[in-house]
Amino acid sequence: DVANIQALSVACLLQLSMRKLDEKQWFRLISSLPPALFEASNAAAQRANERGIDPNGIEMLVEQLEFHRSLSKMGSTLVSSHLAHITTDKDISSGSGAKFDAVSNYLRLLSEMTSHPSGVICGVQVNTWVGLLRDPSIVRTNILSPHLDRVLTSYMNHIVKIRWEDVWEQEHPLSALIEASWDDDEEYNEWLGNLRSKTSLLFRSIGYTEPKIAASAIHSKICTLLNAHCNGEPRDRVNPETNELTVQATACLQLEGATQPLDNILHGLPQWSIDDGNYDEKRNRIRSIVRPLLSEVANMIVSWNPNDIWLKFRRTLLLEALKHYWKYEPSTLPTGVDSLLLYLSATDNPLKERLSEDIIGLRKKCGVSLVAVSKVVPDLLVPWLSQLSGRAKTLLTSGGLSPVNEMHLYEFLSSVATAVENPVDRSNFVADVLASSIQSLESPNIQNAIQSTEGL
C-alpha cells in the first residue's frame, strides 16, 4: 500500500531528524529531500490519474492529508533540531555557495507546504520559523527573505476562523478536508487558539526582520479586505429583525482575522522603518517603501465608516492596532481617537429602551481600545487637549454612558493628563473634565447620603 509506505518512510525520517546528525549527514539529507519529494509527488499524481482521481482535487488532498502532515512535521524538525549547522557554516554565512543553495531550496519546500489548504500542515511549522527568525546569525545571511512573504501570507490566511456551520452543511468548498483535519468544532477552536498564540511572535519577528515584506503583505491584506467587505459584502449572515450583520458574517470573520497580524506586525516593526531619523542608505530606502504603505493602511482604516455594529467592532480593533504606528506617525491619530470616542456612546438603530448586547459589547471594547491607545501615545494626544476635554464633557453630561464606559473614559483621560508637563494646564484639564462629576458629588442628595448612615 503506497500510503502506508509513505507514512512509514516519513516516520523513519522523523526519528532520524530528531537525532544529532553530523554536518555532512544533515546537508546530504536536506539536499536530497526536495528532489525526492518532487519525484514522489509526480508519481502520486500519475497513480491518481490512473485511478480516475483529480491529482489536484479535494479527494486527493484528503487521501494524502496524514502523509502531508507528518511530512511537514518531519521537515520542520529536521531544521529546528540542527540550527547550529546553519549558523556555523561559513558558506551559508557568506550568502552563497552550494550549501547556501541547498538550505534555501529546502526552506522553499517548507514554505510551500504552509500554503496547503489545511491549516494543520502549517501549524506544525510555526516554532521552526520563529526559531529561524530569532537567530541573528541566520537572519544576517538573508537566506530567509525569499520565503517570508509566502509564509506570512499563509499564516494570515489560516488564522481566519472557519464557519463550522458551513462544514456541517457541506457548504464549505473544503468541507471534506476540514472534517479530515479536525474531529469537530471544539478541536478546531482549540487548535486555532494555539495557532494564533504562536503566530503572534511569528508576525512580530517577520515585521522586525523584514519590514518591507511585512508592510507590503499587511497593506495588501487590509486593502483587499476593505475593498471586498467595507459594507459587509456579501451580507450572508444577517439578523432578519434589524438587518444588521451577525458575528458569523463572512465580512466579520475575515476582518477579525486581520486584526492580529496588523497589531503584531506594527508592534514588531523596527523604529528606523517608520520614524524621521537619519540612517544609512539601505534603511532609508526601505523606509521610503514602508511608510507610504502604512500611511495608506492607516488612512483606509480611519476613513472607513461602516454602519453595521459588528463592522464597527472590527474597525475598533483595527484602530487600536494602529497605536504602534501612531507612535511615530500621528497624523491620523486625532481622527482615530475621535471615532473611538464616538463609538463609546453608540446606540441601536432604531433606538431601543435598553441597549442591545451588541451595542454594550461595542461600547466596552471602545473603552478598552481608548485606554490601550492612551497608554502608548499619551504625549501625542496633549496638543488636542481642549478638543478631548470638550468631547469628554459632552459624553459625561449626556447621561448615556454606563459606569464601565465612564471608568474607561476617565482612565483614558488620566493617561493623557499625566503627559501634560505644565502643572497648571494639567490641573485645569482635570478640573474641566471632572466638573460635572464634582457637581454631582456636591448635590444635596449626595451630601445628605454621605452625612447620614441611614442614607448610605
Side-chain angles (χ1 to χ4, degrees), residues 1-41 43-44 64-116 118-144 146-148 150-151 154-155 181 191 194-195 197-199 201-202 205:
D1 186 280
V2 175
N4 286 335
I5 293 174
Q6 289 177 332
L8 291 171
S9 299
V10 173
C12 291
L13 287 171
L14 178 60
Q15 294 301 315
L16 190 62
S17 67
M18 290 189 290
R19 296 182 180 181
K20 292 299 180 182
L21 301 174
D22 62 41
E23 187 176 352
K24 186 176 181 179
Q25 292 172 322
W26 186 76
F27 275 110
R28 181 182 176 185
L29 194 54
I30 66 163
S31 300
S32 59
L33 271 174
L37 290 171
F38 179 75
E39 184 179 340
S41 178
Q64 293 203 304
L65 178 64
E66 286 308 313
F67 168 62
H68 289 153
R69 186 189 338 222
S70 56
L71 181 63
S72 182
K73 181 179 180 180
M74 179 278 297
S76 58
T77 302
L78 187 58
V79 172
S80 57
S81 298
H82 298 85
L83 289 179
H85 292 331
I86 302 177
T87 59
T88 58
D89 189 271
K90 293 181 180 179
D91 289 342
I92 296 178
S93 299
S94 67
S96 60
K99 290 182 177 180
F100 179 90
D101 292 339
V103 175
S104 184
N105 287 335
Y106 188 79
L107 292 176
R108 181 181 297 110
L109 171 67
L110 290 183
S111 68
E112 288 172 351
M113 287 184 194
T114 64
S115 300
H116 192 284
S118 173
V120 297
I121 307 302
C122 73
V124 298
Q125 289 193 27
V126 182
N127 292 337
T128 296
W129 288 106
V130 170
L132 289 165
L133 286 161
R134 297 186 72 181
D135 193 314
S137 58
I138 294 177
V139 171
R140 280 195 295 268
T141 66
N142 293 321
I143 199 169
L144 301 177
H147 318 297
L148 292 181
R150 183 186 293 110
V151 170
S154 296
Y155 282 104
S181 302
W191 171 87
N194 289 332
L195 182 69
S197 177
K198 292 178 180 178
T199 53
L201 184 54
L202 176 68
S205 298

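All residue numbers in this chain count up from 1 along the given sequence.
The aromatic rings of H85 and F27 lie tilted to each other, with the angle between the two planes from 30° to 60°.
Counting heavy atoms from C-beta on, the side chains of H68 and M113 never come closer than 4.5 Å. Under the 4.5 Å side-chain criterion, counting only non-hydrogen atoms from C-beta, M74 is in contact with L33. Put simply, the side chain of V79 reaches to within 4.5 Å of the side chain of L83, judged on heavy atoms. Looking at heavy atoms from C-beta onward, L78 lies in side-chain contact with L21 at the 4.5 angstrom threshold.
Between the Y106 side chain and the G75 main chain, a donor and an acceptor come within less than 3.5 Å of each other. Listed for the S104 side chain is no donor-acceptor partner under 3.5 Å among the backbone atoms of F100. Put simply, the side chain of Q25 gets close to the backbone of D22: a donor and an acceptor are under 3.5 Å apart. Of the possible polar contacts, one joining the H82 side chain to the R19 backbone as a donor-acceptor pair under 3.5 Å is found. For S70 (side chain) and E66 (main-chain N/O), a donor-acceptor pair under 3.5 Å exists by modelled atom type. Formation of a donor-acceptor pair under 3.5 Å by the S41 side chain with backbone atoms of F38 is not found in this model.
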**Check against side-chain contact (heavy atoms from CB on, under 4.5 Å), L132 and L107** = CA-CA 10 Å; L132 289 165; L107 292 176; 3.9 Å; yes
**Asked** Where do R134 and S205 land on the side-chain contact (heavy atoms from CB on, under 4.5 Å) test, with the steps shown first?
**Response** CA-CA 7 Å; R134 297 186 72 181; S205 298; 4.2 Å; yes
**Request:** Could you please spell out the steps behind the side-chain contact (heavy atoms from CB on, under 4.5 Å) verdict for R108 and N105?
**Result:** CA-CA 5 Å; R108 181 181 297 110; N105 287 335; 2.7 Å; yes
**Request:** Check the pair W26 / I86 against side-chain contact (heavy atoms from CB on, under 4.5 Å), numbers first and verdict last.
**Result:** CA-CA 10 Å; W26 186 76; I86 302 177; 3.6 Å; yes
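The line from CG of L71 to OG of S9 is 10.5 Å long, rounded to the nearest 0.5 Å. Distance CG/L65 to CZ/R69: 5.0 Å, rounded to 0.5 Å. The CG atom of N142 sits 11.5 Å away from the OG atom of S96 when rounded to the nearest 0.5 Å. Here S17 contributes atom OG and I30 contributes atom CD1; the two are 12.5 Å apart, rounded to the nearest 0.5 Å. Atom CG of L195 sits about 5.0 Å away from atom OG1 of T199, to the nearest 0.5 Å. Between T128 atom OG1 and K73 atom NZ the span is 11.0 Å, to the nearest 0.5 Å.
Annotation for M18 and S81: closest pair CA-OG, 4.5 Å, computed over non-hydrogen atoms. Of all heavy-atom pairs between I121 and V124, the closest is O-CG2, 3.3 Å. In terms of heavy-atom proximity, R140 sits nearest to S137 at NH2-CA, 3.5 Å. Counting all heavy atoms, side chain and backbone alike, V151 lies closest to S111 at CG2-CB, 3.7 Å.
Under the salt bridge (charged side-chain N to carboxylate O under 4.0 Å, His left out) criterion, the residue pairs touching residues 79-94 are D89-K99, with sequence neighbours excluded. Sorted by first then second residue, the side chain to side chain donor-acceptor pair (under 3.5 Å) pairs that include residues 118-127, not counting sequence neighbours, are S72-Q125, S118-S181, Q125-W129.
Between S154 and T114, the side chains place a donor N or O and an acceptor N or O closer than 3.5 Å (distance only, hydrogens not considered).
Taking H147 as the reference, nothing meets the ring-ring contact (aromatic ring centres under 6.0 Å, His included) condition, with sequence neighbours excluded.
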